[in-house]
Structure formats: C-alpha cells, structure tokens
Asks: 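Encoded as structure tokens, here's the structure I'll be asking about.
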Amino acid sequence: MKYWLMKSEPDVFSIDDLKKKKSSLWDGVRNYQARNFMRNDMHPGDCVLFYHSNATPPGVAGLATVSKQASADPTQFDKKSEYYDPKSSKEKPRWFCVEVQFKEKFKHFVSLEAIKQNLDLKDMLVVQKGQRLSIQPVEKKHFDKILKMALKP
DNA sequence: GCCAACGTTGGC
DNA sequence: GCCAACGTTGGC
C-alpha cells in the first residue's frame, strides 16, 4: 500500500465535492509524470492526502482512498470538454485516471504553512521549491505526521 | 495580478 | 536532438 498527495483547486473540485459524490474519477490530469503515477503505481486501497491548491490557505483538507485502478480518462475523447485531446484516440488513449473515494474531511485543516514549519516534514515534495506536480508520492512517516496534525492543531 | 519554476511544442 | 518561445502551475 502506498501513500499519495493529490492536488485539486477547491474552486473546481474540493474535498466537500468529493464528500457529496462519495467517489470520483480523477480526470483532467494532463501531465505525463502524474499520469504515470496513476497508470503504473496507484492501486485500490492506496491512501490519498487531498490537497487544496490555489486556495486561501493552501493545504491538506482531508483523506481519500484509491478505489479503482487507472483507466482511460473519458474527458480526452469529449470534444466539448476543456480536457479534450485531439491527439488521443480510443484505440490508443494518452491519458489515464484512477477513481478516488472520500474517506474523511480533516477536523483541522493542515495548511501548507504548518507543513513548512514542521521540521519532520521538510523533505515532503509539496514543500520543495518549484514542485508543481499535481500527484506526488508521500512517505508513510510524512503521511502519519499529517494525520496527527489533522487530529490536533 | 505577479512571476518563478517548470513542462511542452515545434522549427531547424 | 537542441532550444527558444510559449503555456501552466500555484504560492504570494
């Protein structure tokens, strides 16, 4: 079992949206590194930190779990979608996405600032300079620490 | 809105 | 295969 951090802009799709839907395809990812994580490395049961990016404040808002193995991202075939990719085909899809399931919304939001201030978390990718990847692997010790911070501010 | 840090594209 | 130009991400 692995641990991940997945970024989403709450204006577009927030932890509350996932809570309402219960589960959702993580579609619209158009970055090869992030795609490779979903297609090759993410498996049902993996734990996901749901991160609010481009938010005030940014940070980890809750927990989700991978509920379905990666499959072709349907938005790439949809001409009306902003994620439509004319270079992709159903025979040879370019983009993949996993399904994630809501687990919990944190009692205490773990802000990016709090993560930055915690020395135990200084190696987390999300606090590294210039790290824009929207899906990142997370070490278990870091994952556990975030959970503790969510329990008690 | 700014802009640094990336990632992608396309001409050559 | 190089790399300049362009686009995007995301914190601030």
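Residue numbers start from 1 in every chain, and the chains themselves are labelled A, B, ... in the order their sequence lines are given, proteins ahead of strands.
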Asks: Nearest to the side chain of Lys129(A), which nucleotide is it out of dA4(B), dG10(C), dT8(C)?
Replies: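 The nucleotide sitting nearest to the side chain is dA4(B).
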Asks: How close or far is atom P of dG10(C) from atom CE of Met6(A), stated in whole angstroms?
Replies: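 The answer, rounded to whole Å, is 13 Å.
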Asks: Counting just side-chain N and O atoms, does Tyr51(A) come under 4.0 Å of either OP1 or OP2 of dT9(C)?
Replies: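 The answer is no; no side-chain N or O of Tyr51(A) sits under 4.0 Å from OP1 or OP2.
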Asks: Which of these nucleotides, dG7(B), dC12(C), dT8(B), is closest to any side-chain atom of Tyr32(A)?
Replies: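 Of the candidates, dT8(B) comes closest.
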Asks: For Asn31(A) and for Lys87(A), locate the closest nucleotide of DNA chain B by heavy-atom distance; then report the residue assigned to the nucleotide nearer the 5' terminus.
Replies: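 In this pair, the answer is Asn31(A).
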Asks: In this structure, how many angstroms lie between the P atom of dT8(C) and the OH atom of Tyr83(A), rounded?
Replies: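 It is 12 Å, rounded to the nearest whole Å.
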Asks: Does some side-chain heavy atom of Ile146(A) sit less than 4.5 Å from a side-chain heavy atom of Ile115(A)?
Replies: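 Side chain of Ile115(A) against side chain of Ile146(A), heavy atoms only: contact under 4.5 Å found.
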Asks: Round to the nearest Å and state the distance from Arg35(A) atom CZ to dT8(B) atom P.
Replies: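 Between P of dT8(B) and CZ of Arg35(A): 10 Å.
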Asks: Just the rounded figure in Å: distance from C1' of dT8(B) to CZ of Arg132(A).
Replies: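 Going from CZ in Arg132(A) over to C1' in dT8(B) covers 10 Å.
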Asks: Rounded to whole angstrom units, what separation is found between the NE2 atom of His52(A) and the P atom of dT9(C)?
Replies: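 Spelled out: NE2 on His52(A) to P on dT9(C) is 17 Å.
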Asks: Quickly work out the Arg30(A) CZ to dC6(B) C1' distance and round it to whole Å.
Replies: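 Computing the Arg30(A):CZ to dC6(B):C1' distance gives 19 Å.
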Asks: State yes or no: are the ring centers of Trp4(A) and Tyr51(A) separated by less than 6.0 Å?
Replies: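 No, ring centres 6.0 Å or more apart.
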Asks: Against the six-membered ring of Phe96(A), is Arg35(A) placed for a cation-pi contact (under 6.0 Å from the centre, within 45° of the normal)?
Replies: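 Pair Arg35(A)/Phe96(A) does not count as cation-pi.
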Asks: Looking only at side-chain N and O atoms, does Gln33(A) come under 4.0 Å of OP1 or OP2 in dG7(B)?
Replies: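 Yes, because at least one side-chain N or O of Gln33(A) sits under 4.0 Å from OP1 or OP2 of dG7(B).
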Asks: Checking ring-ring contact (aromatic ring centres under 6.0 Å, His included) between Phe50(A) and each of Phe106(A), Phe102(A), Trp26(A), which is the one that passes?
Replies: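 Result: among Phe106(A), Phe102(A), Trp26(A), Trp26(A) is the only option passing the ring-ring contact (aromatic ring centres under 6.0 Å, His included) with Phe50(A).
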Asks: Gln128(A) has an atom CD; how far is it from atom C1' of dT9(C), in whole Å?
Replies: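 So the CD-C1' distance, Gln128(A) to dT9(C), works out to 17 Å.
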Asks: Relative to the 5' end of DNA chain B, which residue comes earlier, Leu133(A) or Asn54(A), by the nucleotide with the nearest heavy atom?
Replies: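 That would be Asn54(A).
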Asks: Taking only side-chain nitrogens and oxygens of Lys7(A), does any of them come within less than 4.0 Å of OP1 or OP2 of dT9(C)?
Replies: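 Indeed not, no polar side-chain atom of Lys7(A) lies that close.
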Asks: Whole Å only: how far is the CG atom of Asp85(A) from the C1' atom of dG7(C)?
Replies: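 The answer, rounded to whole Å, is 15 Å.
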Asks: Compare all side-chain heavy atoms of Asn118(A) with those of Lys145(A) and state whether any distance is below 4.5 angstrom.
Replies: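 The answer is yes; the side chains approach within 4.5 Å.
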